[in-house]
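Residue numbering restarts at 1 for every chain, and letters A, B, ... go by the order of the sequence lines.
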Amino acid sequence: MLEMRTIRDQKELIAQNIRNRALQLDLDALLAADERARAAKTELDAIRQRRNEIGKAMQAPLSPQQRAPLVEEGRQLKEREAAAEQVHAASEAQRLALQVQVPNLTHPDAPIGKDDAENKELRVVGERPHFDFPPKDHVELMEALQLVDFEGGAKVAGQKFYYLKNQAVLLEIALMQFACRVLQEHGFTLYTTPDVARQDILSGIGFNPRGESTQIYNIENSDLSLVATAEITLGGLLAGDILDAEQLPMLCGGISHCFRTEAGSAGRESRGLYRVHQFTKIEMFAFTRPEESEAMHQRFVDIEEEIYQRLEVPYRVVDICTGDLGAPAYRKFDLEAWMPGRQRWGEITSTSNCTDYQSRRLNIRFKERGKKGTRLVHMLNGTAIAVSRAIIALVENGQQADGSIRLPKVLGLEDIHPR
RNA sequence: GGAGAGGUGGCCGAGUGGUCGAAGGCGCCAGACUCGAAAUCUGGUAGGGUGGUAACGCCCUCGUGGGUUCGACUCCCACCCUCUCCGCCA
């Protein structure tokens with residue numbers, strides 16, 4: 001969420017940003033709602049001020065004749081205050097509903113474009129494999145090797161759920177282990193996290209769990225939702241806290257069980273493990289001083305590249321364009337792996353600098369020694385390894401003519417052979 | 001799940017109907033002392049909103065939300081969380 005003052009003072013900039021992001025949003029309605037909310041607050045404050053004055057006056061020893069009119073006025077003010085409070089609460093709710101739709105500002109270097117077709121390729125790293133046989137996709141390969149069971153998944157939990165089997169299970173564990181090790185080497189504190197989170201945490205991160213096209217599974221009779229990523233639980237970890245500046249930057253790595261309804265994406269990229277309702281991910285998260293966030297963002301990209309280089313997966317780095325950025329992201333880079341089964345690049349990691357967009361709503365601040373006041377931290381997230389997509393890349397790129405799969409040495413696993 | 005205790009500023013901790021944003025301490029900042037530091041002494045030190053060029057004013061915040069009252073940190077209700085004991089359990 002952006003600060004209302006920013007939206008007021010820099011209306012043109014905000015409006016341009018909304019256009020760049022190809023969003024529809026009535027800024028004037030927001031500004032009007034803001035006017036109403038502030039007017040209501042002024043009104044309410046005036047009533048409260050008078051009430052406080054009466055309270056103060058009543059402390060002095062007073063005769064019953066002096067007290068009576070004060071008590072009466074106080075009584076009346078209480079009623080007026082209640083009415084004013086309702087007006088104020090309603091106008092604030094209206095304002096907030098619009099305010100949270102305003103996307104974050106955007107890095108000046110982010111490419112301007114309306115959708116993912118206009119993302120900018122920054123570099124390609126690694127050699128795409130050449131096959132002297134027609135390459136198969138991961139579904140065909142994995143089913144032949146008894147590494148996955150989609151039918152079982154569908155029977156028990158529905159479409160887009162799956163079981164991993166045999167060596168794929170060890171592969172998942174090895175990938176998680178590898179990613180955790182790398183993060184630890186880079187100074188991250190590792191976490192397992194809850195797989196559910198409260199509404200206010202979800203909204204603070206920028207998810208809208210009860211909205212119409214939500215990606216989120218909600219748990220009935222509670223204000224909990226299944227998390228779509230550990231970005232939610234890691235980012236929410238420090239909600240409401242005031243940190244010492246010396247504690248920053250704070251790096252967290254987490255095992256992330258991801259649950260996504262994938263509403264509205266039926267039929268899109270739906271084959272196999274590419275887009276599923278549940279997967280496991282190792283997530284990076286950082287809380288930084290504002291001055292550090294851009295450098296930290298680069299560092300996240302570097303770590304992602306290190307991981308995929310060590311996994312020997314050919315990939316390219318993409319600078320996400322304005323129209324394809326999520327609302328909280330100030331800038332976003334994706335790594336896309338070469339996927340021979342689809343003959344195209346497929347997203348395997350994503351890292352966003354969300355600046356203070358999330359910390360404002362989650363109220364995560366830091367304090368510097370000797371300085372007055374507090375400042376909002378910057379928050380960044382990034383994928384170390386999203387297991388299901390990493391498996392696609394490894395299996396498809398590592399396939400051999402005899403149907404076996406060659407795996408990168410860093411995982412410490414044997415290659416996978418037909419039984 | 002049952003019984004009890006408790007949630008106050010960056011931290012610890014007092015405060016049980018009158019203004020208290022809150023004693024005291026720690027920490028931090030500035031100054032004094034010192035060649036310098038430590039110790040000591042003096043003063044300062046919450047966050048947010050809103051109005052104002054500013055000085056400064058006003059409002060909110062003592063877990064959260066309601067209620068009682070002219071007035072609530074203080075009384076009542078609900079919820080959340082923490083701790084102790086008992087039960088249950090991987």
* Is a salt bridge present between E151(A) and K155(A), judged by a nitrogen-to-oxygen distance below 4.0 Å? -> no
* Could you work out the separation of rC26(B) and rU82(B) based on their C1' atoms and round it to a whole Å? => 23 Å
* Using atom P of each nucleotide, how far apart are rG44(B) and rA22(B) to the nearest Å? -> 13 Å
* To do: Take atom C1' in rC83(B) and the same atom in rA23(B), then report the distance between them in whole Å.
  => 26 Å
* Rounded to whole angstroms, how far apart are CD on E43(A) and P on rC58(B)? -> 19 Å
* Asked: Using a 3.5 Å cut-off on both pairing distances, which stems of three or more Watson-Crick or G-U pairs include RNA chain B?
  -> B:1-7 with B:80-86, B:10-12 with B:24-26, B:27-32 with B:40-45, B:46-51 with B:56-61, B:63-67 with B:75-79
* To do: Compute the centroid of each ring, for Y163(A) and then for F161(A), and state whether the two points are separated by less than 6.0 Å.
  => no
* **Rounded distance in Å - CD (Q76(A)) to P (rU69(B))** => 15 Å
* Whole-Å distance between rG10(B) P and Q247(A) CD? -> 13 Å
* Structure fact -> With sugar-phosphate taken as primed atoms, P, OP1 and OP2 and all else as base, the protein-contact string of nucleotides 44-50 of chain B at under 4.0 Å (heavy atoms; B, S, -) is ---SSBS
* In whole Å, what separates the C1' atom of rG43(B) from that of rC33(B)? -> 15 Å
* What integer number of Å spans the P atoms of rA14(B) and rG25(B)? -> 15 Å
* Asked: Between K367(A) and D244(A), is there a salt bridge with N-O shorter than 4.0 Å?
  -> no
* Rounding to the closest angstrom, what is the interatomic distance between rG24(B) and rG65(B) at atom C1'? -> 32 Å
* Go through the side-chain N and O atoms of Q94(A) and R36(A) and say whether any donor and acceptor fall under 3.5 Å apart. => yes
* Whole Å only: how far is the CG atom of D200(A) from the C1' atom of rG65(B)? -> 14 Å
* Distance, C1' atom - from rG27(B) to rG13(B), rounded to whole angstrom -> 14 Å
* Asked: Quick one: E246(A) CD to rC11(B) P, roughly how many Å, whole number?
  -> 15 Å
* To do: Evaluate the ring planes of Y217(A) and H277(A), with Trp represented by its six-membered ring, and classify them as parallel (under 30°), tilted (30 to 60°) or perpendicular (over 60°).
  => perpendicular
* Asked: Would you call R95(A) and E92(A) a salt bridge, taking side-chain N to carboxylate O under 4.0 Å as the test?
  -> yes
* Of all the choices, rC80(B), rC70(B), rC59(B), which nucleotide is nearest to the side chain of R198(A) once you look at every atom? -> rC80(B)
* Sticking with atom P, work out how far rG2(B) lies from rC79(B), rounded to a whole angstrom. => 11 Å
* Assert yes or no for the condition that the ring centre distance of F287(A) to H378(A) is strictly below 6.0 Å. => no
* Presence of N52(A) side-chain N/O under 4.0 Å of rC59(B) phosphate oxygens OP1/OP2 -> yes
* Using a strict cut-off of less than 4.0 Å between a Lys/Arg side-chain nitrogen and an Asp/Glu carboxylate oxygen, indicate whether E79(A) and R75(A) qualify as a salt bridge. => no
* Y274(A) ring centre to R389(A) NZ or CZ under 6.0 Å, with the angle to the axis within 45°? -> yes
* **Rounded distance (Å) that lies between atom P of rU68(B) and atom CZ of R75(A)** => 12 Å
* To do: Check the distance between rG10(B)'s C1' and L238(A)'s CG and give it to me in whole angstrom.
  => 15 Å
* Asked: What orientation do W345(A) and W338(A) show, parallel under 30°, tilted 30 to 60°, or perpendicular over 60°?
  -> perpendicular
* Structure fact -> Whichever of G74(A) and E53(A) has the more 5' nearest nucleotide on RNA chain B, that residue is E53(A)
* Structure fact -> note: I47(A), atom CD1; rC58(B), atom C1'; distance rounded to Å ~ 14 Å
